[in-house]
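Below is one structure; the comments refer to it alone.
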Amino acid sequence: MPDMHELKDSADVARALADHVAAALAARVARDGMASLAVSGGRTPTRFFEELSTRDLPWDKIAVTLVDERWVRETSERSNARLVRQHLIRNKAAAAKFVPLANDAPSPEAGLFAVNEALEDLPWPLACAVLGMGDDGHTASFFPGGDHLEEAIDPDGTLGLIAMNAPNAGEPRITLTLPVLLAADSLALHIEGEAKRPVLAQAMEDGPATDMPIRAVLRAKRPLDIFWCP
């Protein structure tokens with residue numbers, strides 16, 4: 001079962017999750033001299049990003065990327081990269097290397113090769129990956145009905161990065177795949193709000209992972225820390 005951290009409010013979650021991620025990054029730098037972190041976008045992680053950006057870490061030895069991205073320019077308010085630059089790559093974390101997942105290619109499929117090349121310079125596997133969860137049970141860009149969902153959540157898959165189009169995804173997406181996320185030294189799920197508790201409870205029940213892709217993470221035989229507040 002996942003390790004559930006139930007906190008009072010989003011400020012407490014931000015601090016607890018920042019402590020958790022900072023410890024994973026520090027341990028990896030101490031061991032290997034470098035570390036990498038993959039974070040999720042959306043509205044939920046903003047306070048966590050700001051908290052983590054103040055942590056006293058060897059940020060010049062840390063690379064940051066995204067778990068997934070909407071295929072939009074960074075000028076768009078929908079850009080996860082824009083969110084990360086505004087709220088995480090600042091303060092002490094301004095020294096970190098940031099590698100976004102989108103580029104100027106017309107589609108994720110067209111830009112996939114260049115993004116893969118850019119990611120090759122990161123220290124792998126990830127020291128830490130932080131996931132979110134939508135009301136439909138999606139995580140990363142693993143959306144129900146996604147055109148490459150089964151490939152993306154295949155624990156034995158060989159692809160590290162995949163394009164994704166899905167009915168409820170809005171824009172075309174690009175996402176790290178399940179094997180890459182599961183290989184991280186530390187894996188965390190960040191969820192907030194009372195509405196997410198029944199979604200999480202349903203995801204822990206029997207049912208296909210294609211219906212609620214977060215199940216692919218919850219069922220993996222590896223530690224998972226869940227950080228939640230009302």
Side-chain angles (χ1 to χ4, degrees), residues 1-32 35-57 62 64-68 88 123-142 152-153 155 175-209 211-230:
M1 292 292 293
D3 191 357
M4 189 77 177
H5 307 264
E6 297 191 21
L7 288 307
K8 180 180 69 174
D9 54 30
S10 60
D12 280 357
V13 168
R15 286 189 289 270
L17 183 54
D19 287 344
H20 177 86
V21 172
L25 292 170
R28 184 64 173 276
V29 172
R31 190 186 81 194
D32 294 344
S36 54
L37 166 68
V39 295
S40 297
R43 290 168 294 181
T44 303
T46 302
R47 185 172 285 188
F48 153 62
F49 287 166
E50 293 174 351
E51 186 72 32
L52 182 60
S53 76
T54 67
R55 290 295 189 270
D56 189 15
L57 289 166
I62 294 170
V64 178
T65 191
L66 285 154
V67 166
D68 68 319
L88 177 54
W124 296 98
L126 296 164
C128 188
V130 182
L131 300 172
M133 183 185 71
D135 293 338
D136 60 353
H138 86 265
T139 191
S141 281
F142 307 158
I153 64 173
T175 185
L176 299 180
T177 60
L178 183 66
V180 172
L181 298 173
L182 297 184
D185 297 346
S186 176
L187 185 61
L189 176 61
H190 178 192
I191 52 178
E192 298 187 10
E194 291 287 358
K196 294 291 179 73
R197 284 306 293 264
V199 178
L200 182 63
Q202 184 182 355
M204 289 184 172
E205 296 174 356
D206 290 340
D211 288 354
M212 299 186 77
I214 188 65
R215 286 174 172 157
V217 177
L218 295 170
R219 293 170 181 173
K221 292 178 171 32
R222 61 143 300 142
L224 172 68
D225 287 271
I226 302 177
F227 292 81
W228 175 84
C229 71

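Along the sequence shown, residues carry numbers from 1. On a predicted model such as this, the values are computed, not experimentally measured, just so you know. We use all heavy atoms of the structure for the numbers below, so side chains are in, but hydrogens, waters and symmetry mates are not.
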Checklist entry - What distance do F142 atom CZ and I214 atom CD1 have between them, rounded to the nearest 0.5 Å? => result 9.0 Å
Checklist entry - About how many Å separate CG of L176 and CG of L131, when rounded to the nearest 0.5 Å? => result 9.5 Å
What closest approach, in Å, do [X] and [Y] show between heavy atoms, and which atom pair accounts for it?
X: D9; Y: D12; value: OD1-N, 2.9 Å
X: L178; Y: A216; value: CD2-CB, 3.9 Å
X: C128; Y: V130; value: SG-CG2, 4.2 Å

Checklist entry - Is the closest side-chain heavy-atom distance between M1 and I226 below 4.5 Å? => result no
Next on the checklist: Side chains of T54 and L52, heavy atoms from C-beta outward: is any pair under 4.5 Å?
Outcome noted: no
Determine yes or no for a side-chain-to-main-chain donor-acceptor pair under 3.5 angstrom, with [X] supplying the side chain and [Y] the backbone.
X: T175; Y: A140; result: no
X: R47; Y: R15; result: no
X: R28; Y: D185; result: no
X: R215; Y: Q202; result: yes

Checklist entry - Could E192 and R197 be called an ion pair, given the rule that one side-chain N must be under 4.0 Å from one carboxylate O? => result no
Checklist entry - side chain to side chain donor-acceptor pair (under 3.5 Å) between H190 and T44: does it pass, once the steps are laid out? => result CA-CA 8 Å; H190 178 192; T44 303; 5.9 Å; no
Next on the checklist: So, applying side-chain contact (heavy atoms from CB on, under 4.5 Å) with L187, which one of V217, L126, D225 is it?
Outcome noted: V217
Checklist entry - Between F227 and H5, what is the ring plane arrangement, given parallel below 30°, perpendicular above 60°, and tilted in between? => result parallel
